[in-house]
J.: 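After the structure tokens below, expect a handful of questions from me.
We're numbering straight along the sequence, starting at 1. Indexing begins at 1, ligand by ligand and atom by atom, following the structure's order.
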Amino acid sequence: MDRRRFLKGSLASAASATLCMGATTWARADSANRPSLPLPNLIDVSKSGRLDLVAQRGNHRFLPGASSATLGYNQDFLGPVVRARRGQEVAVGLLNDLPEPLATHWHGLLVPGNVDGGPHQPIHPGALWKPVLPIDQPPSTAWFHAHTYPHTARQVYAGLAGVFQIDDGRDDERGLPHDHGDDDFTLIIQDRRFDSLGRLDYRLGMMDRMHGFQGDRILVNGAENPRARMPRSIVRLRLLNGSNARIYHLRFDDDRPMHVIASDSGYWPKPTAANELRLAPGERIEVLVDFRDGHDARLVTGPDRNQGGPGMMGMMSGLRSFTSSLLEGDMPVLSFHPAGKKGAVDQLPETIDDELPAPTTRFAQRRHFRLDMMLGGMPMMGMMGGSGGPTMGINGRPFDMQRINEQVSLGTTEHWTVESDMLMHPFHIHGVRFRVLADENGRSTRLENQGYKDTVLVNGRAELAVEFTQPASHEKPFMYHCHILEHEDGGMMGHFSVS
Ligand code: C2O
Ligand code: CU
Ligand code: CU
């Protein structure tokens, strides 16, 4: 065995395959062979009121030469972009054409628990699920994805995710671009790993269970570093972090500003310029970008530094940081090529929506959640021993399908404090929107956490004002969980009723 092969072998096994062998075999897409940005089909349900989805098996060619077994909604990998109108009902027919049970959750939709699609509502193989979704919330970019306990991470990784946009027909008045694929781009950002044959790889090692599974290649809508053509005008990007665990730090390589217009649950009063935006798993952020200059630009991401603190975690992540810093500087996400014509919107709107009301200070209840990566003082023993049982939890207990954790009164606002353990954890609550009162250990809020949200990255301690407007029973409750999907499947999840 020569030295290089030995080094490769020992690094790979020591880092438990965090170093992707495929990286040496498969050239990264360069400008010569860069794919164009795949655009998901738009299904506008505002007229028909019907949404037919089939969860299906497929094959997708991520890298030249090799094709991978994938899953998708109505397509081989990922799903369509659904656009619905505020005030309508959407009658869904979701056929599970997979050989395994599948739950599908509408992340960001404010709908009752009995149609929310959490782990209490698995669709059995061959069965049809027919929830009716009452759409009554401000315009926003929501999404839908597999939520089958404890298989969410694998199913989403294989492709079971799509986007759900809520529209109120007033974007022209607001001066916002809204032509799907023309000046309004839905971008599902995900990282993936590939094996030596170039096939999609999801082999979970101990490090992956601990940190969440990360890939060394960034895909947008299923393509690596694709190129988007757009008009020389103001363009809207709807950014969704659909990754299992990776946190992005997005910016343009020429430092052009991104003008934030919306967070998870709706518009901001006016565009707010930022040069870099952090996007954690499950979060969405919408931005306007000015391409009137006609210059090509590249969206890139800095490395994910969610590696944990000192102690055991630090020691174990040391090697990982080492290997990933070898591979990761800035990574390209998407290249933009403004073409000759002018688009519909050629000036930044000054205002978009009403001012946000000040968050309430009258809370019906205060609750406290501690996101735990070690239970019973024996961290990660389950992972090391390979028992496969839950090793993560909230407030010292792993998720238990049979035990409702909290009961909330319908129509109230509560104060939730969420504390993270060892890593930063993206905390998501079903069926609600909230305001972030404080983040990063109680200091004031980051730019990304302005506005209404349903997912927040907890770095130390976050405080939330949570509005409960949707009912949920004990049988079909709402979930709260870490959106690092391996943590969710590992038991960092709870559920609550609202009545
Ligand atoms: Cu996006 Cu409970 O998940
Ligand atoms: Cu959700
Ligand atoms: Cu977590």
J.: Identify, by name, the N, O or S atom of His428 lying closest to the Cu ion (ligand 2).
T.: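 It is NE2, the N, O or S atom of His428 closest to the Cu ion (ligand 2).
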J.: For Lys453, does its backbone N or O pair with a side-chain atom of Arg284 as donor and acceptor, under 3.5 Å?
T.: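 Flag not set: sc Arg284 to bb Lys453 has no pair under 3.5 Å.
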J.: Would you mind counting protein N, O or S atoms that sit less than 2.8 Å from atom 2 (Cu) of ligand 1?
T.: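 Excluding waters, the total comes to 3.
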J.: Checking ring-ring contact (aromatic ring centres under 6.0 Å, His included) against His147, which of His107, His428, His481 comes through?
T.: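 Considering His107, His428, His481, a ring-ring contact (aromatic ring centres under 6.0 Å, His included) with His147 is found only for His481.
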J.: Roughly how far, to the nearest 0.5 Å, is the CD atom of Glu100 from the NE2 atom of His151?
T.: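 Here the interatomic distance stands at 7.0 Å.
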J.: Please find out if less than 6.0 Å separates the ring center of Phe369 from that of Tyr480.
T.: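 For Phe369 and Tyr480, the ring centres are under 6.0 Å apart.
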J.: Do you know which of His430, Lys476, Gln121 makes side chain to side chain donor-acceptor pair (under 3.5 Å) with Asp116?
T.: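 Considering His430, Lys476, Gln121, a side chain to side chain donor-acceptor pair (under 3.5 Å) with Asp116 is found only for His430.
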J.: Restricting to non-hydrogen atoms, name the atom on Asn221 and the atom on Leu37 that form the minimum distance, rounded to 0.1 Å.
T.: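 In terms of heavy atoms, the two residues are closest at ND2-CD1, 3.8 Å.
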J.: Can you tell me if, anywhere in His105, an N/O/S atom lies at a distance from the Cu ion (ligand 2) that is smaller than 2.8 Å?
T.: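 It does; at least one qualifying atom falls short of 2.8 Å.
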J.: Please tell me whether His483 and Trp143 form a close aromatic pair, meaning their ring centres lie under 6.0 Å apart.
T.: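 Under 6.0 Å, so yes.
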